[in-house]
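A short write-up of the structure that comes next.
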Amino acid sequence: AYRVANRRGEAYIDDIVSAIQQAIQDNVDIINISLGAEIPSDSIEETMLKEALDQAIDKDIIVITAAGNGNDNKQGIDVGNIWPACYPNVVTVSAIGQDYVIASFSNYGKVIDLCAPGVDINSTYLDNEFVKMSGTSMACPFVSGAAALLLTDDPTMSHLQVVEGLKSIAIDRGETGVDTYYGYGLVNLKNWQMHEKTSDSKTENIQILPGKVSVTKLTNVSSGIKVKWKKASNAQGYYIYRKSSSTEYKKIKTIKNPKTITYVDKNTKVGKTYRYKVVPYYKDTIGTCSKTMKLTRRKTK
């Protein structure tokens, strides 16, 4: 996840652009954008966002966006200049309720590609709680998840093949054919024909997931800050992430020995506060990230 909004839920275009660019650098396959705003045509903001989206799509990344939730009266509006939903090269998702009817708040328009559940969706929330919320921001990740499953089934699929695949398995809603409220319809993975496994395959590939890791202690030592954590089960190694007041979290070290449970960060400055977190990995799979701990660098004897 790339955080682009502050505590009040406000986000700036340059932060969104930076997040898209970082996702491109991180070689992601899919970008889910559950946010949007009305941006004036030919503005600097529109140009910045369009260029970032173009860069992602040129890298064969699938960009899936929320259509938006209309105006203050909760009546859906034409997606018009709602970015990034109005951009034709992204997959734009509207929201339906449990009655399979378009939600009253959901935006609509010619750029709508697909619809997904977006009313009373139970999800994680602050303070380790679950909360039911409604919006196209809740519908959008269902389509992103479906796209991920298609890629899991066949990693060789291109951006265009995945998008066309999602449309081909959708259940038509509303008017017959593509329409401005439901697009191609509701994605239904039951309609996806899984690729056949080879007949001589006698065993299944089992995905090994690393266990949970926890940072137990940060200590000032003569050469820097020492990070100590508890070993995670099934871990092949660990990624160490660090954040200071002037930077976002960045991976600063890859620990390739699963028995190693300490690391000394020598690239620190006295008087500056740093936050650390540790992520276990096994091959291409990562485990649960540890909770963060922080410490101010002090001189030691």
Side-chain angles (χ1 to χ4, degrees), residues 28-36 38 53 56-57 60-71 74-123 132-196:
V28 304
D29 296 304
I30 301 165
I31 297 177
N32 181 96
I33 305 181
S34 287
L35 52 79
E38 188 169 357
L53 293 170
I57 292 166
D60 211 32
I61 297 172
I62 304 160
V63 182
I64 302 176
T65 69
N69 302 328
N71 56 31
K74 292 296 181 183
Q75 296 298 311
I77 59 176
D78 191 303
V79 75
N81 290 328
I82 304 296
W83 279 80
C86 69
Y87 187 54
N89 290 346
V90 303
V91 178
T92 302
V93 182
S94 62
I96 62 171
Q98 295 177 8
D99 55 2
Y100 295 94
V101 175
I102 193 77
S104 62
F105 55 76
S106 180
N107 288 347
Y108 55 87
K110 294 181 180 180
V111 296
I112 299 297
D113 294 292
L114 297 161
C115 63
V119 177
D120 289 339
I121 304 301
N122 201 38
S123 186
K132 288 185 177 181
M133 300 183 71
S134 299
T136 56
S137 288
M138 288 77 223
C140 184
F142 279 107
V143 178
S144 296
L149 288 172
L150 264 61
L151 275 177
T152 300
D153 181 42
D154 184 2
T156 67
M157 293 177 72
S158 67
H159 169 206
L160 183 60
Q161 288 174 323
V162 172
V163 173
E164 291 304 313
L166 291 172
K167 293 176 180 178
S168 70
I169 62 177
I171 301 172
D172 191 25
R173 301 298 306 169
E175 297 179 5
T176 303
V178 184
D179 63 71
T180 57
Y181 289 96
Y182 304 90
Y184 284 82
L186 173 64
V187 171
N188 181 14
L189 287 169
K190 288 184 179 180
N191 288 340
W192 181 249
Q193 182 65 45
M194 298 291 288
H195 283 69
E196 294 182 2

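For residues 86-114, the set of pairs meeting the salt bridge (charged side-chain N to carboxylate O under 4.0 Å, His left out) definition, not counting sequence neighbours, comprises D113-K167. Residue pairs that meet the ring-ring contact (aromatic ring centres under 6.0 Å, His included) test with at least one member in residues 148-181, sequence neighbours left out, are Y108-Y181. Within the structure, salt bridge (charged side-chain N to carboxylate O under 4.0 Å, His left out) contacts touching residues 170-190 (residues at least two apart or in different chains) do not occur.
A donor-acceptor contact shorter than 3.5 Å is absent between the side chain of S34 and the backbone of A66. Side chain of N69 to main chain of S106: no donor-acceptor pair is present (N/O by atom type, distance under 3.5 Å, no hydrogens or angles). Not one N or O on the side chain of S94 forms a donor-acceptor pair closer than 3.5 Å with the backbone of Y182.
Between the CD1 atom in I33 and the CD1 atom in I64 there is a gap of 10.0 Å [rounded to 0.5 Å]. Interatomic distance, CD1 of I112 versus SG of C86, reported as 10.5 Å (0.5 Å rounding).
Closest of all the heavy-atom pairs between A148 and I30 is N-CD1, 3.4 Å. Heavy atoms only, all atoms of each residue included: P84 and V90 are closest at O-CG2, 3.5 Å. Contact detail for A95 and G118: the closest heavy-atom pair is CB-CA, 3.9 Å. Nearest approach of A67 to N107, heavy atoms of both residues: O-ND2, 2.9 Å. Considering all non-hydrogen atoms of both residues, M138 and I121 come closest at CB-CG1, 3.8 Å.
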(request) Give the intermediate values and the outcome of side-chain contact (heavy atoms from CB on, under 4.5 Å) for residues I169 and N188. (result) CA-CA 6 Å; I169 62 177; N188 181 14; 5.6 Å; no
(message) Would W83 and L53 count as a side-chain contact (heavy atoms from CB on, under 4.5 Å) here? Give the steps.
(response) CA-CA 11 Å; W83 279 80; L53 293 170; 4.1 Å; yes
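Here the side chains of V63 and N89 are not in contact, with every heavy-atom distance at 4.5 Å or above. With contacts defined as side-chain heavy-atom distances shorter than 4.5 Å, the pair T92/T136 does not qualify. L151 has its side chain within reach of I62: a pair of non-hydrogen atoms, C-beta onward, lies under 4.5 Å apart. Counting only heavy atoms from C-beta outward, the side chains of Q98 and V119 never approach each other to under 4.5 Å. Side-chain contact between D60 and S158 is present, with at least one heavy-atom pair separated by less than 4.5 Å.
Screening L114, L150, V93 for a side-chain contact (heavy atoms from CB on, under 4.5 Å) with V187, the sole residue that qualifies is L114. Between V143 and the choices L166, V163, N32, the side-chain contact (heavy atoms from CB on, under 4.5 Å) rule is met once, by L166. Partner of V111 under the side-chain contact (heavy atoms from CB on, under 4.5 Å) criterion, out of T180, V79, T65: V79 alone.
Remark: S168 pairs with no residue by the side-chain contact (heavy atoms from CB on, under 4.5 Å) rule, at least two apart or across chains. Taking the ring pair (Phe, Tyr, Trp, His ring centres under 6.0 Å) definition, one finds that F142 meets it with nothing, sequence neighbours left out. The side-chain contact (heavy atoms from CB on, under 4.5 Å) check on K132 picks up D120, N122, with sequence neighbours excluded.
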